[in-house]
2 protein chains.
Amino acid sequence: MAEKSPSSRSPDAPRPTIYDVATRAGVSKSLVSLVLRGSSNVSAERRTAVETAIAELGYRPSQAAAALAGNRTGTIGVIIDDYRNLWFVDFLHGMQEVLAERGIRVAVADRSFNSHVDASPLEGFLAMRVDGIVVASEPSDEMGRGIGVPAVLAGNRLQQIPGADIATSDDRFGGGLAANHLLGLGHRKIGHVTGGGGSARERCEGFREALRNAGVVPVIVGDGGTSEQDGFRFTRQLLLTHPGITAVFAANDSMAMGAAAAIKDAGLQVPRDVSLIGYDNSPLASSNLLRLTTVDAVNGEVGRRAAKALLARFDGGQQDTVINLVEPQLVVRGSTAEARE
Amino acid sequence: MAEKSPSSRSPDAPRPTIYDVATRAGVSKSLVSLVLRGSSNVSAERRTAVETAIAELGYRPSQAAAALAGNRTGTIGVIIDDYRNLWFVDFLHGMQEVLAERGIRVAVADRSFNSHVDASPLEGFLAMRVDGIVVASEPSDEMGRGIGVPAVLAGNRLQQIPGADIATSDDRFGGGLAANHLLGLGHRKIGHVTGGGGSARERCEGFREALRNAGVVPVIVGDGGTSEQDGFRFTRQLLLTHPGITAVFAANDSMAMGAAAAIKDAGLQVPRDVSLIGYDNSPLASSNLLRLTTVDAVNGEVGRRAAKALLARFDGGQQDTVINLVEPQLVVRGSTAEARE
DNA sequence: GTGAAAGCGCTAACAC
DNA sequence: GTGTTAGCGCTTTCAC
């Protein structure tokens with residue numbers, strides 16, 4: 001009998017099941033299940049027999065069947081705002097780092113994701129029976145009454161979700177970091193281009209407060225938008241109405257890029273005439289074109305904390321919700337300099 | 001008896017099943033199943049009864065059970081290279097547009113996704129029993145022998161996957177577009193900063209060919225990298241070794257951003273001294289800082305084609321693989337100008 | 001139109 | 001240690 005390689009299995013042959021593996025290995029199906037789930041109560045011999053059979057058959061356990069029988073999917077759902085907001089990338093890696101030990105999968109959905117099928121990403125995940133949810137976006141109204149499964153809210157602490165833990169970078173602290181950096185360079189006439197979300201508000205608050213302690217009142221502009229275009233528009237306005245400004249803090253790196261354009265268009269130079277500081281430490285910030293001083297939210301750590309909080313709920317079910325605050329870090333590059341005169 | 005709102009269901013009460021819905025609506029479970037799947041063979045009366053019961057109970061069908069019983073998940077998996085390569089965003093939207101009519105879900109995974117649990121994103125999707133796969137990245141070795149389910153390869157046509165259709169933007173044509181634009185502006189001394197992947201190679205080929213037809217031979221640099229840093233590094237080198245160059249074509253907008261930095265550092269101006277053209281029409285290109293002339297791959301349309309190809313395989317199972325080529329479009333902004341002298 | 005019944009491929013008690 | 005036995009919550013013939 002010819003050895004059949006897994007990939008040579010004819011396309012419409014039924015997939016091998018745990019039954020087939022058991023037969024081929026000469027054991028029972030529950031023994032196969034045990035091997036699959038890494039039980040220690042299996043003799044080495046039989047274990048290898050099973051593993052060989054699995055390999056020969058090209059067997060892949062059905063997640064659907066496992067989820068149905070086991071009453072858990074081993075997957076947690078992450079709801080993000082927009083794929084273009086890249087902060088979730090580091091966040092996700094942080095999560096995976098700690099989820100690795102438990103073999104838990106992650107599924108990601110943005111707001112418009114599968115909107116043609118599910119009422120919302122949350123609905124989609126709940127139908128999927130995820131074991132937990134991470135809301136890495138502004139919470140939606142439907143979350144107001146809580147989520148039926150363990151949940152943590154990430155990247156935001158202005159809003160709340162009943163019963164959900166929180167893991168976030170301390171944006172308020174980060175705003176202070178930016179302020180103190182500019183202050184330390186001697187700046188006194190300072191503008192801030194802010195955005196709409198909870199993070200932007202926190203950053204703004206922290207920034208204002210730190211400046212206030214030094215007796216400085218910044219000029220603040222913005223109408224909610226957080227794009228490069230918004231940064232451009234408002235910085236231009238800022239420069240027009242307050243020509244004496246020597247430093248600008250943008251609520252994120254994209255807006256800082258827009259600010260850089262406005263500064264350039266005004267015939268000024270960064271950092272000679274105007275110091276510029278962003279937030280996020282995105283690839284934009286490290287680009288050679290901007291070499292932007294910025295604040296790093298350390299999102300990998302935020303992801304680690306979020307995952308740990310979720311695992312704690314899986315295990316223990318502690319009652320009171322905990323707030324994990326991660327301390328951001330200033331990253332100094334070439335876009336800030338001492339104030340002149 | 002008090003009306004129980006769905007969300008007031010106590011956290012560890014068992015989820016309502018199709019059984020509970022049937023009982024409450026006074027029908028059989030198969031009738032509920034029919035309503036769920038939108039069958040027309042149900043009287044309006046009973047349909048409303050079922051719908052009411054569903055709403056009252058806060059019932060959500062279990063995808064796991066449906067997948068197991070129905071032998072299909074109604075989900076297709078999309079494998080991308082890296083979340084930071086944003087071309088997949090428009091691509092995904094295009095896919096969803098056509099998948100909407102069929103109520104099919106999409107799941108996304110990047111290369112490192114769940115790497116702690118699955119051997120590869122492909123493995124993960126196969127274990128999940130997706131109904132189809134879209135490979136929106138360079139195919140990996142494991143795909144060399146084909147994928148067990150309907151598949152389409154997107155964004156690439158240099159490599160192949162046995163049995164998989166192809167949907168991609170015509171990168172070669174796009175390269176020609178860039179070349180002809182520069183040629184039309186009178187440029188003759190032209191540099192090209194290229195990258196490693198299949199797309200970059202195609203763009204390069206199309207670019208070279210169009211220039212050759214005009215008797216122009218470009219200076220080509222690059223070593224595989226495609227980041228802003230790579231664009232910076234190689235453009236600097238280009239400018240050093242070939243000071244007479246009046247135009248640069250970068251294989252993507254990120255590299256073009258790096259190129260812009262190098263040009264600026266060399267004391268030159270875009271577009272006065274050097275015209276610059278990118279590829280992708282990313283947010284970078286439309287930024288006020290770059291105002292970059294670029295080539296739009298029209299990825300939304302590529303996504304639509306990919307989804308259609310997959311649906312065709314679901315339905316018909318045509319045998320020969322088809323190649324869908326979408327024609328890119330030139331987007332002229334402020335970074336290109338007539339050659340001087 | 002509607003209901004009954006037989007699984008889908010697993011996991012988890014439990015008995016051996 | 002290993003095998004047996006029930007289901008998990010659906011879809012889907014097939015009768016009625």
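Worth saying up front: this structure is predicted, and the values here are computed from it rather than measured. Chain letters run A, B, ... following the sequence lines, proteins first, then strands; residues in each count from 1.
Ile166(B) pairs in a side-chain contact (heavy atoms from CB on, under 4.5 Å) with only one of the listed residues (Leu325(B), Ile323(B), Asn324(B)), which is Ile323(B).
Here the side chains of Arg111(B) and Ile79(B) are not in contact, with every heavy-atom distance at 4.5 Å or above. With contacts defined as side-chain heavy-atom distances shorter than 4.5 Å, the pair Phe314(A)/Ile76(A) qualifies. Inter-residue side-chain proximity for Ile104(A) and Val117(B) is flagged as unmet; no heavy-atom pair is nearer than 4.5 Å. At a threshold of 4.5 Å between non-hydrogen side-chain atoms, the residues Thr75(A) and Val106(A) do not count as touching.
The pair Arg102(B)-Asp131(B) does not meet the salt-bridge criterion, since no charged nitrogen lies less than 4.0 angstrom from a carboxylate oxygen.
A sub-4.0 Å separation between OP1 or OP2 of dG3(D) and a side-chain N or O of Arg46(A) is present. The shortest distance between the side-chain N/O atoms of Ser28(A) and the OP1/OP2 oxygens of dT4(D) is not below 4.0 Å.
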Please enumerate all protein N or O atoms sitting under 3.5 Å from an N or O of nucleotides 14-16 of chain C, with distances to 0.1 Å.
none

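Between Tyr83(B) and Phe88(A), the angle of the ring planes goes over 60°, which puts this pair in the perpendicular group of the 30/60° scheme.
Rounded to an integer number of Å, the gap from Glu45(B) CD to dT2(C) C1' is 14 Å. Atom CG in Leu31(B) sits about 15 Å away from atom P in dC10(D), given to the nearest Å.
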Its contact letters, B for base, S for sugar-phosphate only and - for none at protein heavy atoms under 4.0 Å, make nucleotides 7-13 of chain C read BBBBBB-

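Rounded to the nearest 0.5 angstrom, Arg105(B) CZ and Leu99(B) CG are separated by 11.5 Å.
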